[in-house]
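Down below is the structure, laid out as structure tokens.
Since we're looking at a predicted model, the values are computed, not measured.
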Amino acid sequence: MKTFDHLAVIGLREWIALPELGLARLRAKIDTGAATSTLHASDIEPFERDGQRWVRFTAHLGSRVQRQHRQREALLVDLKTIRSSTGHTQTRYVIRTELVLGDRHWPVEFTLACRQTMRYRVLLGAKALIAGQLVVNPALAYVQGKPQLAVPATLSGVR
């Protein structure tokens, strides 16, 4: 059996942080069947700033029971048509932000979508796993622990 020392092992669920958005601890579900990662967002509103396209949205944190909302803004990277496992298509806004998982951090593209009925507010897709050089052991969960980050004061409110 081959082993790869440069790859980090993660479980089916992990704690992550998105420090550029001021989000310190989020539970993420790992979804190797999804190419793109997704962040639960509502009130999504595109706008222009200094000649660039941006998007303003409400980020939803925690579980369905623990509802926390934070207004955020990010540079709009793309619009992407996503096809769900049931065959439905939806056009979503795409942002790029730094992801922290364990002791690794790297830029990841996230589509913004309503995940209100879903247990996990964040899905990490295959592209993020490849870029982070991660392998998944589905028998494990929360292998990497919670990110130990201080969210900058400038990001604790509306950006």
Side-chain angles (χ1 to χ4, degrees), residues 1-44 55 57-70 72 74-152 155:
M1 180 175 292
K2 290 190 178 222
T3 60
F4 301 95
D5 293 336
H6 68 285
L7 298 175
V9 175
I10 62 172
L12 195 55
R13 294 164 195 83
E14 288 291 344
W15 288 101
I16 66 162
L18 304 174
E20 293 173 344
L21 296 177
L23 306 176
R25 292 189 180 117
L26 297 169
R27 290 184 318 149
K29 172 123 188 254
I30 311 308
D31 186 354
T32 60
T36 309
S37 300
T38 303
L39 176 64
H40 177 37
S42 65
D43 307 317
I44 303 167
V55 64
F57 58 95
T58 301
H60 297 267
L61 316 175
S63 65
R64 287 179 286 182
V65 175
Q66 174 194 1
R67 291 188 176 97
Q68 298 176 8
H69 312 309
R70 293 198 181 147
R72 294 292 178 237
L75 190 63
L76 182 59
V77 173
D78 198 4
L79 286 173
K80 186 175 276 190
T81 301
I82 303 293
R83 181 179 310 277
S84 73
S85 58
T86 60
H88 294 98
T89 59
Q90 180 183 42
T91 300
R92 297 182 186 171
Y93 294 98
V94 180
I95 64 168
R96 181 180 295 118
T97 191
E98 181 182 33
L99 168 78
V100 178
L101 195 162
D103 62 358
R104 295 178 185 224
H105 56 92
W106 67 100
V108 172
E109 288 187 357
F110 286 90
T111 63
L112 302 177
C114 179
R115 294 186 50 78
Q116 181 175 349
T117 61
M118 307 297 181
R119 183 177 213 162
Y120 295 91
R121 303 307 190 183
V122 178
L123 281 184
L124 281 188
K127 289 179 184 178
L129 303 177
I130 293 165
Q133 298 186 350
L134 304 172
V135 293
V136 181
N137 181 339
L140 302 175
Y142 306 109
V143 175
Q144 299 298 328
K146 292 181 181 178
Q148 299 301 314
L149 294 178
V151 176
L155 294 177

Calculate, to the nearest 0.5 Å, the distance between atoms [atom1] and [atom2] belonging to [X] and [Y] respectively.
| X | Y | atom1 | atom2 | value |
| --- | --- | --- | --- | --- |
| I95 | L75 | CD1 | CG | 9.5 Å |
| L134 | T32 | CG | OG1 | 12.5 Å |
| L39 | L21 | CG | CG | 7.0 Å |
| D78 | T36 | CG | OG1 | 9.5 Å |
| K146 | R27 | NZ | CZ | 10.0 Å |
| C114 | R121 | SG | CZ | 8.0 Å |

Nearest heavy atoms of [X] and [Y], plus distance in Å:
| X | Y | result |
| --- | --- | --- |
| R104 | G132 | NH1-O, 2.9 Å |
| F110 | L123 | CE2-O, 4.4 Å |
| V136 | P138 | O-CD, 3.4 Å |
| S37 | A128 | OG-CB, 3.5 Å |
| I44 | F57 | CG1-CB, 4.0 Å |

**Contact list for residues 125-143, test side-chain hydrogen bond (donor to acceptor under 3.5 Å, both in side chains), sequence neighbours left out** =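 Qualifying pairs: none.
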
**Request:** Dump the intermediate steps for side-chain contact (heavy atoms from CB on, under 4.5 Å) on T111 and Y93, then the final yes or no.
**Result:** CA-CA 6 Å; T111 63; Y93 294 98; over 6 Å; no

Sub-3.5 Å donor-acceptor pair from the side chain of [X] to the main-chain atoms of [Y], do we have one?
| X | Y | answer |
| --- | --- | --- |
| E98 | W106 | no |
| D31 | G33 | yes |
| H40 | R115 | yes |
| T89 | I82 | no |

**Prompt:** Can you list the residues that meet the side-chain contact (heavy atoms from CB on, under 4.5 Å) rule with A113, with sequence neighbours excluded?
**Reply:**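 For A113 the side-chain contact (heavy atoms from CB on, under 4.5 Å) partners, ignoring immediate neighbours, are T38, Q90, R92.
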
Show me the donor-acceptor pairs, under 3.5 Å and distance only, between side chains in residues 7-19 and residues at least two apart or in other chains.
{"unit_1": "R13", "atom_1": "NE", "unit_2": "Y120", "atom_2": "OH", "d": "2.6"}
{"unit_1": "E14", "atom_1": "OE1", "unit_2": "V143", "atom_2": "N", "d": "3.3"}
{"unit_1": "E14", "atom_1": "OE1", "unit_2": "Q144", "atom_2": "N", "d": "3.0"}
{"unit_1": "E14", "atom_1": "OE2", "unit_2": "G11", "atom_2": "N", "d": "2.7"}
{"unit_1": "E14", "atom_1": "OE2", "unit_2": "V143", "atom_2": "N", "d": "2.9"}

**Message:** When you compare the side chain of L124 with that of L99, does any pair of heavy atoms fall below 4.5 Å?
**Reply:**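 The answer is yes; the side chains approach within 4.5 Å.
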
**Message:** I'd like to know whether L76 forms a side-chain contact (heavy atoms from CB on, under 4.5 Å) with V94, so could you lay out the CA-CA distance, the side-chain angles of the two residues, the decisive distance to 0.1 Å, and finally the verdict.
**Reply:** CA-CA 6 Å; L76 182 59; V94 180; 5.5 Å; no

